[in-house]
Amino acid sequence: MNSIYAYAWFALYSITVAPNIIESLEFGEKNYLVGIIGLLILPAEYFALKFKLWIIRVRAEKSLIELEKENSEVLIINPSYALIYGLFVRIILRISVLFFSLIAIGQDSMVTGMLIIVMFFADMIGLMYIYITSNIFQDQVPEHKIPIAVAERQEWRDNNIPGSDSLRNFIYEILADIALNVYAYVVFTLVWYYINWRAIDSLKHFIAEKSGAFETGYKIAFMLTFMVLVLLIPIRVAYWIEDSMNATTRKHKYAFSIMVILSGIYACMPTLVIYCSHFFCISNSTSEFLKSRNFNWLLAVILVVIVALIQTIMTLTKSKKLNEIIIQKTWD
(Lines give C-alpha, C1' and ligand atoms only; values in the text may rest on other atoms or scores of the structure.)
Protein backbone atom coordinates (compact mmCIF):
# COMPACT_ATOMS: atom_id res chain seq x y z
CA MET A 1 0.00 0.00 0.00
CA ASN A 2 1.64 3.26 -1.05
CA SER A 3 1.12 6.32 1.10
CA ILE A 4 -1.46 7.92 -1.21
CA TYR A 5 -3.80 4.99 -0.65
CA ALA A 6 -2.95 4.95 3.06
CA TYR A 7 -3.96 8.61 3.40
CA ALA A 8 -7.11 7.91 1.41
CA TRP A 9 -8.14 5.03 3.68
CA PHE A 10 -7.44 7.20 6.71
CA ALA A 11 -9.59 10.03 5.39
CA LEU A 12 -12.39 7.59 4.54
CA TYR A 13 -12.27 6.17 8.06
CA SER A 14 -12.40 9.64 9.61
CA ILE A 15 -15.69 10.54 7.91
CA THR A 16 -17.49 7.20 7.66
CA VAL A 17 -16.56 4.72 10.39
CA ALA A 18 -15.13 7.00 13.10
CA PRO A 19 -18.35 9.01 13.71
CA ASN A 20 -20.29 5.79 14.32
CA ILE A 21 -17.67 4.44 16.74
CA ILE A 22 -17.42 7.73 18.62
CA GLU A 23 -21.19 7.86 19.03
CA SER A 24 -21.16 4.39 20.59
CA LEU A 25 -18.37 5.19 23.06
CA GLU A 26 -18.80 6.68 26.48
CA PHE A 27 -15.37 8.04 27.30
CA GLY A 28 -14.38 7.48 30.89
CA GLU A 29 -16.64 4.41 31.13
CA LYS A 30 -15.53 0.78 30.98
CA ASN A 31 -15.31 -0.69 27.51
CA TYR A 32 -13.25 -3.89 27.41
CA LEU A 33 -13.30 -4.14 23.61
CA VAL A 34 -11.76 -0.67 23.22
CA GLY A 35 -9.24 -1.37 25.99
CA ILE A 36 -8.11 -4.71 24.59
CA ILE A 37 -7.77 -3.38 21.02
CA GLY A 38 -5.78 -0.41 22.31
CA LEU A 39 -3.41 -2.58 24.34
CA LEU A 40 -2.89 -5.12 21.54
CA ILE A 41 -2.21 -2.53 18.86
CA LEU A 42 0.73 -0.96 20.74
CA PRO A 43 3.21 -3.88 20.38
CA ALA A 44 1.85 -4.58 16.88
CA GLU A 45 2.55 -0.98 15.83
CA TYR A 46 6.12 -1.17 17.14
CA PHE A 47 7.07 -4.22 15.07
CA ALA A 48 5.10 -2.94 12.07
CA LEU A 49 6.94 0.40 12.14
CA LYS A 50 10.30 -1.35 12.42
CA PHE A 51 9.60 -3.52 9.36
CA LYS A 52 7.97 -0.71 7.39
CA LEU A 53 10.98 1.57 7.80
CA TRP A 54 13.26 -1.22 6.56
CA ILE A 55 11.16 -1.87 3.44
CA ILE A 56 10.87 1.89 2.80
CA ARG A 57 14.67 2.13 2.89
CA VAL A 58 14.97 -0.83 0.51
CA ARG A 59 12.61 0.78 -2.01
CA ALA A 60 14.39 4.12 -1.67
CA GLU A 61 17.75 2.47 -2.40
CA LYS A 62 16.30 0.76 -5.48
CA SER A 63 15.07 4.13 -6.76
CA LEU A 64 18.44 5.63 -5.93
CA ILE A 65 20.28 3.01 -7.97
CA GLU A 66 18.20 3.92 -11.03
CA LEU A 67 18.69 7.65 -10.48
CA GLU A 68 22.44 7.21 -10.09
CA LYS A 69 22.56 5.35 -13.40
CA GLU A 70 20.63 8.15 -15.11
CA ASN A 71 22.60 11.03 -13.58
CA SER A 72 26.03 9.41 -13.17
CA GLU A 73 26.29 10.99 -9.72
CA VAL A 74 26.52 9.76 -6.16
CA LEU A 75 23.18 10.64 -4.55
CA ILE A 76 21.45 9.95 -1.28
CA ILE A 77 17.74 10.04 -0.40
CA ASN A 78 17.01 10.98 3.19
CA PRO A 79 13.88 12.20 4.94
CA SER A 80 14.05 15.57 6.62
CA TYR A 81 15.40 15.58 10.16
CA ALA A 82 12.14 17.31 11.10
CA LEU A 83 10.64 13.84 10.97
CA ILE A 84 12.50 13.01 14.18
CA TYR A 85 9.91 15.27 15.79
CA GLY A 86 7.19 13.01 14.41
CA LEU A 87 8.82 9.96 15.97
CA PHE A 88 8.87 11.65 19.39
CA VAL A 89 5.24 12.75 19.06
CA ARG A 90 4.53 9.10 18.30
CA ILE A 91 5.63 8.30 21.86
CA ILE A 92 3.12 10.81 23.25
CA LEU A 93 0.37 9.32 21.08
CA ARG A 94 1.23 5.78 22.17
CA ILE A 95 1.09 6.81 25.81
CA SER A 96 -2.30 8.43 25.13
CA VAL A 97 -3.57 5.13 23.67
CA LEU A 98 -2.27 3.29 26.73
CA PHE A 99 -3.96 5.80 29.05
CA PHE A 100 -7.36 5.55 27.34
CA SER A 101 -7.08 1.75 27.07
CA LEU A 102 -6.34 1.33 30.79
CA ILE A 103 -9.27 3.58 31.66
CA ALA A 104 -11.47 1.50 29.35
CA ILE A 105 -10.64 -1.71 31.23
CA GLY A 106 -11.11 0.00 34.59
CA GLN A 107 -7.56 0.27 35.96
CA ASP A 108 -7.04 2.66 38.87
CA SER A 109 -4.91 5.78 38.66
CA MET A 110 -1.89 4.32 40.49
CA VAL A 111 -1.56 1.34 38.14
CA THR A 112 -2.15 3.60 35.13
CA GLY A 113 0.52 6.07 36.26
CA MET A 114 3.13 3.35 36.84
CA LEU A 115 2.47 1.69 33.48
CA ILE A 116 2.69 5.03 31.66
CA ILE A 117 6.10 5.73 33.23
CA VAL A 118 7.34 2.25 32.31
CA MET A 119 6.01 2.57 28.76
CA PHE A 120 7.63 6.00 28.30
CA PHE A 121 11.10 4.65 29.02
CA ALA A 122 10.44 1.46 27.05
CA ASP A 123 9.29 3.51 24.06
CA MET A 124 12.34 5.77 24.29
CA ILE A 125 14.60 2.71 24.14
CA GLY A 126 12.51 1.21 21.32
CA LEU A 127 12.64 4.46 19.36
CA MET A 128 16.43 4.67 19.65
CA TYR A 129 16.70 1.05 18.52
CA ILE A 130 14.48 1.66 15.49
CA TYR A 131 16.39 4.85 14.66
CA ILE A 132 19.78 3.13 14.79
CA THR A 133 18.82 -0.07 12.98
CA SER A 134 16.65 1.43 10.24
CA ASN A 135 19.45 3.57 8.76
CA ILE A 136 16.77 5.93 7.51
CA PHE A 137 18.79 9.00 8.41
CA GLN A 138 22.38 9.53 7.25
CA ASP A 139 24.77 12.21 8.45
CA GLN A 140 26.57 14.49 6.05
CA VAL A 141 29.63 12.71 4.70
CA PRO A 142 32.93 14.65 4.47
CA GLU A 143 34.60 14.49 1.08
CA HIS A 144 37.57 12.42 2.26
CA LYS A 145 35.19 9.75 3.66
CA ILE A 146 33.00 9.42 0.58
CA PRO A 147 34.73 6.23 -0.67
CA ILE A 148 34.18 4.55 2.73
CA ALA A 149 30.55 5.72 2.88
CA VAL A 150 29.87 4.49 -0.66
CA ALA A 151 31.37 1.10 0.23
CA GLU A 152 29.23 0.86 3.38
CA ARG A 153 26.13 1.80 1.42
CA GLN A 154 26.88 -0.81 -1.23
CA GLU A 155 27.37 -3.41 1.50
CA TRP A 156 23.93 -2.53 2.93
CA ARG A 157 22.40 -2.88 -0.53
CA ASP A 158 24.05 -6.24 -1.11
CA ASN A 159 22.79 -7.53 2.25
CA ASN A 160 19.25 -6.18 2.07
CA ILE A 161 18.02 -5.66 -1.50
CA PRO A 162 18.41 -9.23 -2.84
CA GLY A 163 15.37 -11.20 -1.77
CA SER A 164 13.49 -8.13 -0.55
CA ASP A 165 10.74 -8.83 -3.11
CA SER A 166 10.03 -12.24 -1.61
CA LEU A 167 6.48 -13.43 -0.91
CA ARG A 168 7.27 -13.44 2.82
CA ASN A 169 8.21 -9.75 2.82
CA PHE A 170 5.16 -8.97 0.70
CA ILE A 171 2.93 -10.62 3.32
CA TYR A 172 4.85 -8.93 6.15
CA GLU A 173 4.29 -5.54 4.59
CA ILE A 174 0.57 -6.17 4.21
CA LEU A 175 0.41 -7.08 7.90
CA ALA A 176 2.53 -4.04 8.79
CA ASP A 177 0.23 -1.75 6.79
CA ILE A 178 -2.81 -3.22 8.52
CA ALA A 179 -1.25 -2.73 11.96
CA LEU A 180 -0.11 0.83 11.21
CA ASN A 181 -3.50 1.82 9.82
CA VAL A 182 -5.45 0.24 12.69
CA TYR A 183 -3.11 2.06 15.09
CA ALA A 184 -3.82 5.33 13.26
CA TYR A 185 -7.55 4.68 13.45
CA VAL A 186 -7.35 3.93 17.19
CA VAL A 187 -5.35 7.11 17.85
CA PHE A 188 -7.72 9.15 15.73
CA THR A 189 -10.76 7.78 17.51
CA LEU A 190 -9.37 8.24 21.01
CA VAL A 191 -7.41 11.49 20.58
CA TRP A 192 -8.70 13.44 17.59
CA TYR A 193 -12.26 13.22 18.88
CA TYR A 194 -11.27 15.59 21.68
CA ILE A 195 -9.54 17.97 19.30
CA ASN A 196 -12.70 18.37 17.23
CA TRP A 197 -14.73 18.61 20.42
CA ARG A 198 -12.51 21.44 21.68
CA ALA A 199 -12.68 23.18 18.30
CA ILE A 200 -16.48 22.95 18.24
CA ASP A 201 -16.63 24.21 21.82
CA SER A 202 -14.47 27.21 20.86
CA LEU A 203 -16.61 27.77 17.78
CA LYS A 204 -19.77 27.90 19.89
CA HIS A 205 -18.04 30.36 22.22
CA PHE A 206 -17.17 32.67 19.32
CA ILE A 207 -20.71 32.42 18.02
CA ALA A 208 -22.12 33.30 21.45
CA GLU A 209 -19.88 36.39 21.48
CA LYS A 210 -21.27 37.28 18.03
CA SER A 211 -17.86 37.18 16.35
CA GLY A 212 -17.88 37.61 12.58
CA ALA A 213 -17.34 34.85 10.06
CA PHE A 214 -13.82 36.01 9.17
CA GLU A 215 -12.64 36.49 12.76
CA THR A 216 -14.08 33.16 13.86
CA GLY A 217 -12.81 31.42 10.73
CA TYR A 218 -9.18 32.40 11.06
CA LYS A 219 -9.10 31.61 14.79
CA ILE A 220 -10.58 28.16 14.28
CA ALA A 221 -8.45 27.58 11.17
CA PHE A 222 -5.28 28.52 13.04
CA MET A 223 -6.12 26.16 15.91
CA LEU A 224 -7.03 23.23 13.64
CA THR A 225 -4.05 23.76 11.32
CA PHE A 226 -1.72 23.81 14.31
CA MET A 227 -3.22 20.59 15.69
CA VAL A 228 -3.07 18.91 12.26
CA LEU A 229 0.64 19.71 12.00
CA VAL A 230 1.37 18.80 15.63
CA LEU A 231 -0.67 15.60 15.95
CA LEU A 232 -2.41 14.42 12.79
CA ILE A 233 0.65 13.99 10.57
CA PRO A 234 2.69 12.13 13.24
CA ILE A 235 -0.21 9.67 13.61
CA ARG A 236 0.97 8.36 10.24
CA VAL A 237 4.69 8.83 10.79
CA ALA A 238 5.71 5.77 8.73
CA TYR A 239 3.92 7.11 5.65
CA TRP A 240 5.28 10.58 6.34
CA ILE A 241 8.78 9.11 6.15
CA GLU A 242 7.82 7.13 3.05
CA ASP A 243 6.63 10.33 1.38
CA SER A 244 9.89 12.05 2.26
CA MET A 245 11.94 9.16 0.84
CA ASN A 246 9.86 8.71 -2.33
CA ALA A 247 9.21 12.33 -3.29
CA THR A 248 12.07 12.45 -5.76
CA THR A 249 10.19 14.59 -8.33
CA ARG A 250 7.90 17.60 -8.13
CA LYS A 251 4.83 15.58 -9.14
CA HIS A 252 5.44 13.16 -6.23
CA LYS A 253 5.82 16.08 -3.85
CA TYR A 254 2.62 17.75 -5.05
CA ALA A 255 0.63 14.49 -4.93
CA PHE A 256 1.63 13.68 -1.36
CA SER A 257 1.03 17.28 -0.26
CA ILE A 258 -2.50 17.16 -1.68
CA MET A 259 -3.26 13.93 0.20
CA VAL A 260 -1.96 15.35 3.49
CA ILE A 261 -4.11 18.47 3.06
CA LEU A 262 -7.18 16.39 2.21
CA SER A 263 -6.64 14.15 5.24
CA GLY A 264 -6.45 17.24 7.45
CA ILE A 265 -9.63 18.72 5.97
CA TYR A 266 -11.55 15.46 6.33
CA ALA A 267 -10.36 14.99 9.92
CA CYS A 268 -11.64 18.49 10.81
CA MET A 269 -14.92 18.05 8.95
CA PRO A 270 -17.23 18.02 12.05
CA THR A 271 -15.98 21.49 13.00
CA LEU A 272 -16.07 22.79 9.41
CA VAL A 273 -19.67 21.63 8.94
CA ILE A 274 -20.86 23.52 12.03
CA TYR A 275 -18.94 26.62 10.94
CA CYS A 276 -20.46 26.56 7.44
CA SER A 277 -23.95 25.83 8.76
CA HIS A 278 -23.87 28.89 11.00
CA PHE A 279 -22.07 31.51 8.94
CA PHE A 280 -23.26 30.78 5.41
CA CYS A 281 -26.76 31.44 4.14
CA ILE A 282 -27.92 27.88 3.69
CA SER A 283 -31.34 26.37 4.25
CA ASN A 284 -32.20 24.17 7.21
CA SER A 285 -32.49 21.16 4.93
CA THR A 286 -28.99 21.78 3.54
CA SER A 287 -27.64 22.25 7.04
CA GLU A 288 -29.15 18.94 8.12
CA PHE A 289 -27.70 17.25 5.04
CA LEU A 290 -24.20 18.54 5.87
CA LYS A 291 -24.52 16.98 9.33
CA SER A 292 -25.84 13.66 8.01
CA ARG A 293 -24.08 10.41 7.17
CA ASN A 294 -25.17 10.84 3.55
CA PHE A 295 -22.89 13.87 3.30
CA ASN A 296 -20.04 11.82 4.75
CA TRP A 297 -20.55 9.17 2.10
CA LEU A 298 -20.61 11.87 -0.58
CA LEU A 299 -17.26 13.08 0.74
CA ALA A 300 -16.02 9.50 0.52
CA VAL A 301 -16.98 9.30 -3.15
CA ILE A 302 -15.27 12.63 -3.83
CA LEU A 303 -12.14 11.35 -2.14
CA VAL A 304 -12.08 8.19 -4.27
CA VAL A 305 -12.40 10.31 -7.43
CA ILE A 306 -9.56 12.61 -6.32
CA VAL A 307 -7.26 9.67 -5.55
CA ALA A 308 -8.04 8.13 -8.96
CA LEU A 309 -7.24 11.44 -10.68
CA ILE A 310 -3.97 11.83 -8.76
CA GLN A 311 -2.87 8.30 -9.65
CA THR A 312 -3.79 8.87 -13.31
CA ILE A 313 -1.88 12.15 -13.46
CA MET A 314 1.12 10.55 -11.70
CA THR A 315 1.16 7.80 -14.33
CA LEU A 316 0.48 9.80 -17.49
CA THR A 317 2.17 13.15 -16.94
CA LYS A 318 5.21 13.74 -19.14
CA SER A 319 5.96 17.31 -18.07
CA LYS A 320 9.70 17.88 -17.72
CA LYS A 321 9.08 20.42 -14.99
CA LEU A 322 6.88 18.09 -12.92
CA ASN A 323 9.25 15.17 -13.46
CA GLU A 324 12.31 17.21 -12.52
CA ILE A 325 14.44 15.47 -9.92
CA ILE A 326 14.38 17.47 -6.67
CA ILE A 327 16.72 15.34 -4.56
CA GLN A 328 19.45 17.40 -2.96
CA LYS A 329 22.89 15.92 -3.38
CA THR A 330 24.49 15.45 0.02
CA TRP A 331 27.62 13.72 -1.24
CA ASP A 332 29.48 16.25 -3.38
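Once rounded to the nearest 0.5 Å, the distance linking OH of Y46 with CG of L127 reads 9.0 Å. Taking NE2 from H205 and CD1 from I200, the interatomic distance works out to 16.0 Å, rounded to the nearest 0.5 Å. Atoms CD1 and CD1, on I306 and I258 in that order, are 8.5 Å from each other to the nearest 0.5 Å. The CD atom of E242 sits 10.0 Å away from the CD1 atom of I55 when rounded to the nearest 0.5 Å. In this structure, CG on L53 lies 5.0 Å from CD1 on I241, to the nearest 0.5 angstrom. Atom CG of L224 is separated from atom OH of Y275 by 11.5 Å, given to the nearest 0.5 angstrom.
Donor-acceptor pairing under 3.5 Å is lacking for the side chains of N160 and R57. Donor-acceptor pairing under 3.5 Å is recorded for the side chains of Y239 and D177.
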(request) For R198 and D201, run side-chain contact (heavy atoms from CB on, under 4.5 Å): C-alpha distance rounded to whole Å, both residues' side-chain angles, the deciding distance at 0.1 Å, then the answer. (result) CA-CA 5 Å; R198 290 296 303 170; D201 189 55; 3.8 Å; yes
(message) As a quick check of understanding, evaluate side-chain contact (heavy atoms from CB on, under 4.5 Å) for I91 and M119, giving each step before the final call.
(response) CA-CA 9 Å; I91 294 178; M119 182 173 176; over 6 Å; no
(message) For a side-chain contact (heavy atoms from CB on, under 4.5 Å) check, start with the C-alpha distance between K219 and S202, then their side-chain angles and the critical distance, and finish with the verdict.
(response) CA-CA 9 Å; K219 288 180 180 179; S202 298; over 6 Å; no
(request) Could you check F289 against N294 for side-chain contact (heavy atoms from CB on, under 4.5 Å), going step by step and ending with a plain yes or no? (result) CA-CA 7 Å; F289 172 72; N294 289 334; 3.9 Å; yes
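Side-chain contact between F88 and P234 is absent, with no heavy-atom pair separated by less than 4.5 Å. For the pair E45 and V182, the minimum side-chain heavy-atom distance is 4.5 Å or more. Side-chain contact check for L167 versus F170: some heavy-atom pair is nearer than 4.5 Å. Within the 4.5 Å cutoff, side-chain heavy atoms of V58 are placed close to those of W156.
At a threshold of 4.5 Å between side-chain heavy atoms, the hydrophobic network of Ile, Leu, Val, Met, Phe, Trp and Tyr places L309 and I265 in two separate groups. Both L115 and F121 sit in one connected hydrophobic cluster of ILVMFWY residues. Membership requires side-chain heavy atoms under 4.5 Å apart, directly or through other members. Taking hydrophobic clusters as Ile, Leu, Val, Met, Phe, Trp and Tyr residues chained together by side-chain heavy-atom distances below 4.5 Å, V228 shares a cluster with F226. A chain of hydrophobic side-chain contacts below 4.5 Å, direct or via other Ile, Leu, Val, Met, Phe, Trp or Tyr residues, connects M124 to F47. If you chain together hydrophobic residues whose side chains sit under 4.5 Å apart, Y129 and L180 fall into the same group.
Between P43 and L39, the closest heavy-atom pair is CD-O, 3.1 Å. When all heavy atoms of F206 and T216 are compared, the closest pair comes out as CB-OG1, 3.7 Å. Closest of all the heavy-atom pairs between L12 and A300 is CD2-CB, 3.3 Å. Considering every non-hydrogen atom in both G38 and V97, the closest pair reads O-CG1, 3.7 Å. A pairwise comparison of heavy atoms in R94 and L42 identifies NH1-O, 2.8 Å as the closest pair. Smallest separation of non-hydrogen atoms from A179 and A44: CB-O, 4.0 Å.
Remark: V273 engages M269, S277, L290, K291, F295 in a side-chain contact (heavy atoms from CB on, under 4.5 Å) (not counting sequence neighbours).
Between the side chain of N159 and the backbone N or O of E155, at least one donor-acceptor pair lies under 3.5 Å. For the pair Y13 (side chain) and F188 (backbone), a donor-acceptor distance under 3.5 Å is absent. Formation of a donor-acceptor pair under 3.5 Å by the S211 side chain with backbone atoms of I207 is not found in this model. Looking only at distances, a side-chain donor or acceptor of Y266 sits under 3.5 Å from a matching main-chain atom of L299.
The ring of F222 has its center no closer than 6.0 angstrom to the ring center of Y218.
Here the rule is side-chain hydrogen bond (donor to acceptor under 3.5 Å, both in side chains) with S164, and of R59, E61, K62 only K62 fits it.
Aromatic ring pairs are classed by plane angle as parallel below 30°, tilted from 30° to 60° and perpendicular above 60°; the pair F51 and W54 is tilted.
For F279, the CZ atom sits in a packed shell: over 12 heavy atoms of surrounding residues, nucleotides or ligands are nearer than 6.0 Å.
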